[in-house]
Amino acid sequence: MMSQTLLSISLTLLVLPLFYSTTTLAALSPLGAPVQPTPAPTPPAAAPTTPLVPTSPGDNSPDTTTTSIDIAGILRKANSFNIFIRLLKTTQLINQLNSQLVTIKSGGLTILAPDDSAFSELKPGFLNTLSDTQKQELLQFHVITDYVSSSNFDTLTNPVRTLAGTKPGKVELNVISYGGSVNISTGEVNTTINGIIYTDKHLAIYKVGKVLLPLEFFPSKIAKAPTLAPAPAIDAAAKAPKPDKEKPSSSEGSSESSQVVPTETSGAISICGTLVSLVLGVVLIAVLTT
């Protein structure tokens, strides 16, 4: 009995240290959720450079001259360009641009497209005041006669040539690119390029914030050349030459003065002579009477 008691006590003393150490380790290292790696901070979003309308698969081929490009369809996919599309169709400029892109072999076209909100900023009824010729010129003013990528605006030479032609001081498009921003000025309107609508190897379409109005549409603001004032009227009497006798020469004046002086002198001499004669007569009479 004593031996069993001692055996039990010995087993208890052996088990207690093991239980105590297990409990201590469990308390020191509790089970928890697995540690997740800290995600890296997201960099700030850059300015959008992706076209609103993606390039078609055919545009990636080496030769795109035979690919039909529908400019109106591209603008329709981009949304909010309904007025610009309608003007392109009514002036039939859309057919000219599409056919030009089909046959083009080098260079290209760049279209600066204002959206519907840009047209809403115009004076009410402004488009109705334009003739058909002016509407066509207005749209041609939005088309640069060369392909300009988004990074090559700083290579343009002002004034930039458009389909509207070159009219110094009347139809001029000036482009200034600085710090990733492209500013456009017409003399009447100042705006910027707000986004890329479409781009491939021969066609680039950009969204502009305002309708580009040429200065030619506002004749009162065009600097006019200074006009000379009319010459003052000259009186006929003042213009006619005066007779020579009214303005005698110095020689004639001298001759007249020489003639007047002797006349006055002879009169004085005759008077003196008369007085002398009278005095002599009185003296003679007095002598005779004595």
Side-chain angles (χ1 to χ4, degrees), residues 47-78 81 84-85 87-115 133 135-168 170-186 189 191-209 211-212 214 216:
T49 57
T50 304
L52 298 178
V53 179
T55 305
S56 60
D59 295 327
N60 296 325
S61 59
D63 185 10
T64 61
T65 56
T66 59
T67 304
S68 178
I69 298 177
D70 183 11
I71 296 176
I74 293 173
L75 292 172
R76 196 176 295 110
K77 291 180 181 179
F81 293 92
F84 192 62
I85 295 172
L87 290 174
L88 287 172
K89 290 183 176 181
T90 55
T91 59
Q92 297 183 356
L93 182 62
I94 189 69
N95 299 331
Q96 175 187 344
L97 297 178
N98 286 334
S99 61
Q100 186 172 346
L101 287 172
V102 170
T103 59
I104 201 167
K105 294 183 179 179
S106 62
L109 295 174
T110 300
I111 300 176
L112 306 174
D115 60 3
T133 303
K135 289 179 181 178
Q136 186 173 23
E137 184 179 20
L138 175 63
L139 294 179
Q140 290 174 338
F141 195 48
H142 289 73
V143 181
I144 300 176
T145 58
D146 199 359
Y147 171 78
V148 183
S149 65
S150 58
S151 60
N152 287 342
F153 276 98
D154 56 351
T155 63
L156 296 177
T157 302
N158 292 319
V160 179
R161 185 175 180 82
T162 66
L163 285 182
T166 303
K167 297 180 182 179
K170 296 181 180 181
V171 182
E172 288 188 357
L173 188 72
N174 294 292
V175 178
I176 299 176
S177 177
Y178 178 77
S181 176
V182 181
N183 300 321
I184 301 175
S185 174
T186 69
V189 173
T191 187
T192 58
I193 291 180
N194 297 334
I196 304 174
I197 300 174
Y198 178 87
T199 182
D200 58 28
K201 294 181 180 180
H202 298 293
L203 174 65
I205 305 178
Y206 300 98
K207 177 184 176 182
V208 291
V211 179
L212 305 178
E216 186 181 29

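No experiment lies behind these values; they were computed from the predicted model shown.
- Checking side-chain atoms of Asp200 against main-chain N and O of Leu203 turns up a donor-acceptor pair under 3.5 Å.
- Not counting sequence neighbours, the partners of Asn98 by the side chain to side chain contact (heavy atoms under 4.5 Å, CB included) test are Asp70, Ile71, Ile94.
- Take Ser99 and apply the side chain to side chain contact (heavy atoms under 4.5 Å, CB included) test, not counting sequence neighbours, and it matches no residue.
- Not one N or O on the side chain of Asn174 forms a donor-acceptor pair closer than 3.5 Å with the backbone of Asn158.
- The shortest side-chain heavy-atom distance between Ile184 and Val208 falls under the 4.5 Å cut-off.
- To the nearest 0.5 angstrom, Thr162 atom OG1 is 10.5 Å from Glu172 atom CD.
- His202 contributes no side-chain N or O that, together with a main-chain N or O of Leu109, makes up a donor-acceptor pair within less than 3.5 Å.
- Among residues at least two apart or in separate chains, there is no salt bridge (charged side-chain N to carboxylate O under 4.0 Å, His left out) pair with a member in residues 143-165.
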| request: Apply side-chain contact (heavy atoms from CB on, under 4.5 Å) to the pair Lys207 and Phe81, showing each step before the final yes or no. | output: CA-CA 10 Å; Lys207 177 184 176 182; Phe81 293 92; 4.1 Å; yes
Could you pull out every donor-acceptor pair under 3.5 Å between side chains of residues 135-145 and any protein atom, sequence neighbours left out?
unit_1	atom_1	unit_2	atom_2	d
Glu137	OE2	Lys167	NZ	3.2
His142	ND1	Leu138	O	2.7
His142	NE2	Leu212	N	3.0

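- Contact check for Thr192 versus Val182: no side-chain heavy atoms found under the 4.5 Å cut-off.
- In the model, Ser185 has no side-chain atom that pairs as donor or acceptor with a side-chain atom of Asn183 under 3.5 Å.
- Closest approach of Ala113 and Ile197 over heavy atoms only: CB-CD1, 4.1 Å.
- For the pair Ile111 and Leu75, the minimum side-chain heavy-atom distance is 4.5 Å or more.
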| Stepwise, does the ring pair (Phe, Tyr, Trp, His ring centres under 6.0 Å) test hold for Tyr178 with Phe153? | CA-CA 9 Å; Tyr178 178 77; Phe153 276 98; over 10 Å; no
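- Taking 4.5 Å as the limit, every side-chain heavy atom of Thr155 sits out of range of all side-chain heavy atoms of Val148.
- Residues that satisfy the side chain to side chain contact (heavy atoms under 4.5 Å, CB included) test with Tyr147, not counting sequence neighbours, are Ser149, Thr199, Ala204.
- Here the CG-CD distance, from Leu93 to Gln100, works out to 9.5 Å after rounding to the nearest 0.5 Å.
- With sequence neighbours excluded, no residue forms a side chain to side chain donor-acceptor pair (under 3.5 Å) with Ser181.
- The side-chain heavy atoms of Leu112 and Leu173, taken from C-beta on, include a pair separated by under 4.5 Å.
- Of all heavy-atom pairs spanning Ala72 and Lys89, the tightest one is CB-CE, 4.2 Å.
- Residues Val211 and Pro114 are in side-chain contact: their nearest non-hydrogen atoms beyond the backbone lie under 4.5 Å apart.
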